[in-house]
Structure formats: structure tokens, C-alpha cells
Amino acid sequence: MAGTAADVARVLKGEVGYQEGRSGGHWNNKQKYSGAVPGLEWSDYQAWCCTFTCWAFQTAGLPKGSYPVTASCALAVAWWKKAGRWSEYPAIGAPVFFGPGGGSHTGIVIDYDADTITTIEGNTNTSGSAEGDGVYRKTRQRRDSYVYGYGYPEYPGGIKSADPSWKDSSTQPQEEDPMAGITRQDIFDAVWKTDKVPAPKTSNSLKTNPTWQAVSVLSDIADNVRAVKAAQAGQTAAITALAKLVGSGVDTDTVVAAVEAAIKDAVVKVSVDINTTDAG
């Protein structure tokens with residue numbers, strides 16, 4: 001994966017419904033994510049919402065060092081703030097942090113509107129608890145006091161954010177596309193209708209079209225191909241007709257000679273004296 005916000009969303013959606021282990025009749029925080037993130041293996045059987053976000057970023061292909069690798073929500077908040085990639089506004093693909101100082105719980109935003117955020121969160125449940133049993137898709141109120149803020153990953157092309165003051169690579173002037181505004185017809189004309197060469201002296205249109213563009217060459221080739229096909233059809237018909245004459249009282253040598261001529265020449269003209277009988 002290329003490490004885009006869309007890649008992160010695809011990874012997250014594939015995990016919805018996953019549940020942690022159980023022991024003694026209780027959920028036990030045993031899950032697959034801790035062991036898959038180098039440096040966080042120790043966090044198995046611990047609260048794993050932040051570990052889940054690290055795993056999602058890693059699996060989606062975000063470069064190492066572009067997000068905090070930690071099982072602590074508080075440490076993750078500190079990392080995003082120090083990196084200068086923190087906002088109070090939601091963004092697609094941004095981890096959202098909940099509770100005092102953002103240290104209670106986290107998930108990742110996959111959509112937002114004027115009033116709500118849609119997230120996918122690990123270690124939560126149907127009621128949105130910070131100590132749950134699995135991976136859930138949640139819809140939460142943007143302005144709920146439980147929402148603390150958001151870390152902004154540096155995605156290729158920038159991040160889609162509700163923050164009116166956020167400046168990212170996607171909002172910076174882009175290098176001008178040298179192909180901008182060029183149509184397929186423009187490309188065709190440039191390739192086939194620009195340079196001209198003298199028409200061959202054998203051209204039927206030499207007088208009306210003395211200099212050829214590349215498209216004229218193609219047209220001439222097509223005309224020649226059609227002429228060859230027509231000649232071949234004529235040959236086939238003539239040879240078939242001649243073959244039927246064998247044994248019908250026509251001189252065999254005459255038929256053979258006509259067939260050979262038909263094979264050799266593009267245009268077949270045969271004259272057979274049907275009154276001549278085979279001398280044998």
C-alpha cells in the first residue's frame with residue numbers, strides 16, 4: 001500500500017467486528033495487534049486502542065517515523081503536538097483522542113460532517129467505552145467534551161481537514177502539469193498531421209496531395225491492403241473455376257498453365273478453348 005488515508009480506511013474497515021480474547025468469563029485484552037507492531041509486543045493483555053492505531057498505520061504503509069509507535073494515548077498526543085501536526089478539527093485518516101488531555105481513548109476518523117465524526121476504534125464496544133471488547137465503527141458528536149483533538153498524519157498529497165487554518169502539501173501551489181489542457185485530438189494531430197514528406201510517384205493522388213503527412217501513409221497502406229485482398233479473392237475464384245474444368249474435356253495442360261498464371265499474377269485473365277479435347 002502507498003500509505004494514503006484511503007489505504008488506512010481500507011485497513012480499518014477490514015477489522016470491524018474483530019474481538020479480543022476471553023478468559024474466566026471475561027474479556028481479557030488478548031489481541032493480535034500488539035505482537036504485529038515491533039516494539040509493542042509487551043502490550044498484549046493491556047488496553048490496546050492506541051496499539052490498534054499504530055498497527056493500522058503500519059499495515060497501510062505509512063513510513064516509519066511518520067506516526068508515534070506507543071500504546072499510550074497520552075504519549076501519542078504529546079508526539080503529534082511536538083511534530084506540529086495537531087488540530088482541534090477532524091480530518092480524514094486522523095487519530096482522534098478522547099478524555100482529559102486525550103489520554104483516555106483513541107480511534108481513527110474515516111469521515112466527518114458539520115456535526116459528527118465517523119471513526120473506527122479498537123478496544124471499545126457498542127456503547128463507546130474506552131475499555132471494550134473489539135473493533136467497532138462509531139459515530140460521535142464532534143463538539144462533545146469527550147473529544148480532545150486530532151493528530152494529522154502527513155499523507156501523500158495532504159490531508160482532508162475541517163481546520164480552516166491548516167496548511168498542508170495538498171493546499172500548496174502544485175507544479176504545473178505540462179499536459180494540462182491537451183486533448184486526445186491534439187496528440188493525434190501532433191503525431192500524424194505535423195511533418196510532411198513527398199508523396200511517392202506511384203501515388204494515385206500525387207497531383208492533389210503531393211506532400212504526405214503520416215496519416216496519408218496509413219491511408220495508402222490501407223488502400224493497398226484492400227487491393228491485395230481483392231486480388232487474392234479474384235485469384236481464389238479463378239483457380240476454383242479452373243480446377244472444376246479438370247476432367248471435363250478441357251485440355252489439361254491449358255488448365256495447369258492458367259492456374260500457374262493465376263498464382264503468379266495479382267490479376268487473373270484466363271482464356272480456355274472449351275472445344276479443345278485432351279489428346280490422351
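Positions are given from 1 along the sequence. All values below were derived from every heavy atom in this structure, side-chain atoms included, with hydrogens, water molecules and symmetry-related copies excluded.
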Check salt bridge (charged side-chain N to carboxylate O under 4.0 Å, His left out) between [X] and all other residues, then give those that pass, not counting sequence neighbours.
X	answer
Glu20	none
Asp44	Lys30
Lys32	Glu15

Qualifying side-chain hydrogen bond (donor to acceptor under 3.5 Å, both in side chains) pairs, either residue in residues 84-97, two or more places apart
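Residue pairs with at least one partner in residues 84-97: Arg85-Asp168, Ser87-Tyr152, Ser87-Asp163.
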Test: side-chain hydrogen bond (donor to acceptor under 3.5 Å, both in side chains). Region: residues 93-106. Which pairs qualify, not counting sequence neighbours?
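Applying side-chain hydrogen bond (donor to acceptor under 3.5 Å, both in side chains) to every pair that reaches into residues 93-106, excluding sequence neighbours, yields His105-Glu121.
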With sequence neighbours left out, which residue pairs that include part of residues 21-43 fulfil the ring-ring contact (aromatic ring centres under 6.0 Å, His included) condition?
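The answer is Tyr18-Tyr33, Tyr33-Trp48, Tyr33-Phe52, Tyr33-Trp55.
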Where is the tightest heavy-atom contact between [X] and [Y], given as atom of each residue plus distance?
X	Y	value
Gly151	Ala94	O-CB, 3.1 Å
Thr124	Ser129	OG1-O, 2.7 Å
Glu131	Asn123	OE2-OD1, 3.3 Å
Lys13	Ile110	CE-CD1, 4.1 Å
Ser161	Trp166	OG-CB, 4.2 Å
Tyr155	Gly3	CD2-O, 3.2 Å

Partner set under side chain to side chain donor-acceptor pair (under 3.5 Å) for [X], not counting sequence neighbours:
X	result
Ser145	none
Thr118	none
Tyr112	none
Arg143	none

Should [X] and [Y] be counted in the same cluster of Ile, Leu, Val, Met, Phe, Trp and Tyr side chains packed under 4.5 Å apart?
X	Y	result
Tyr136	Ile108	no
Tyr146	Phe97	yes
Val135	Tyr45	no

Can you tell me if Thr53 uses its side chain to pair, donor with acceptor, with the backbone of Cys50 under 3.5 Å?
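Yes, Thr53 side chain to Cys50 backbone: donor-acceptor pair under 3.5 Å.
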Is a donor on one side and an acceptor on the other found under 3.5 Å between the side chain of Arg140 and the backbone of Gly128?
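It does hold such a pair.
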Identify all side-chain donor-acceptor contacts of residues 61-71 below 3.5 Å with residues at least two apart in sequence or on another chain.
unit_1, atom_1, unit_2, atom_2, d
Ser66, OG, Pro63, O, 2.6
Thr70, OG1, Ser72, N, 3.0

Considering the options Asp111, Ile117, Asp115, which one meets the side chain to side chain contact (heavy atoms under 4.5 Å, CB included) requirement together with Asp113?
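The option that passes is Asp115.
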